[in-house]
Amino acid sequence: MKKSADLMLNTTHHKTIEKKIEIQKMTDHIKRDIGADTLNISVTSDAIKFVMTKGNRYRKYTLDNEYISKYRLFCLVGKIKNALVIS
């Protein structure tokens, strides 16, 4: 039983890492879509952190691994855009 639980945890961890890589690749698209001047992304072992600037304003957003593992990639990108957009 322990072996199957470890395998499931390992698979979830692997999928989370894949999603983090895909989000990193999409940084330029997200930046363009929200009209940001800069969008810095920092990938850590437990989260992805975003800092967006537009003019003299900025927004920070953190997406943790638990959230990343639960949702599909397009949902995550939408959540990032909604959290960072400045009207």
Do you reckon [X] sits in the same ILVMFWY cluster as [Y], going by side-chain contacts under 4.5 Å, direct or chained?
X     : Y     : result
Tyr58 : Phe50 : no
Tyr67 : Met26 : yes
Val77 : Ile48 : yes

Applying side chain to side chain contact (heavy atoms under 4.5 Å, CB included) between Leu63 and each of Val43, Ile80, Ile41, report the one that passes.
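By the side chain to side chain contact (heavy atoms under 4.5 Å, CB included) criterion, Leu63 pairs with just one of Val43, Ile80, Ile41: Ile80.
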
How about CD on Glu66, more than 12 heavy atoms from neighbouring residues, nucleotides or ligands closer than 6.0 Å, or not?
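Count not over threshold, so no.
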
Give a yes or no on whether Arg72 atom CZ has more than 12 heavy-atom contacts from other residues, nucleotides or ligands under 6.0 Å away.
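No - once you tally the heavy atoms of other residues, nucleotides and ligands closer than 6.0 Å, there are 12 at most.
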
Considering only heavy atoms from C-beta outward, does the side chain of [X] approach that of [Y] to under 4.5 Å?
X     : Y     : answer
Tyr71 : Lys19 : no
Ile86 : Met52 : yes
Ile23 : Leu73 : yes

Of all the heavy-atom pairs spanning [X] and [Y], show the shortest one and how long it is.
X     : Y     : value
Gly55 : Asp37 : N-OD2, 2.6 Å
Arg59 : Val85 : NH1-O, 2.7 Å
Leu76 : Ile68 : CD1-O, 3.9 Å
Thr62 : Ala47 : CG2-CB, 3.8 Å

Quick check for you: to the nearest 0.5 Å, what is the distance between Asp64 atom CG and Thr16 atom OG1?
10.0 Å

Counting only N and O atoms by type, is there a donor-acceptor contact under 3.5 Å from the side chain of Lys20 to the main-chain atoms of Thr44?
yes

Evaluate the salt bridge (Lys or Arg N to Asp or Glu O under 4.0 Å) criterion for residues Glu22 and Lys25: first the C-alpha distance (whole Å), next the side-chain angles of each, then the deciding distance (0.1 Å), finally the verdict.
CA-CA 5 Å; Glu22 288 301 316; Lys25 290 179 183 177; 3.6 Å; yes

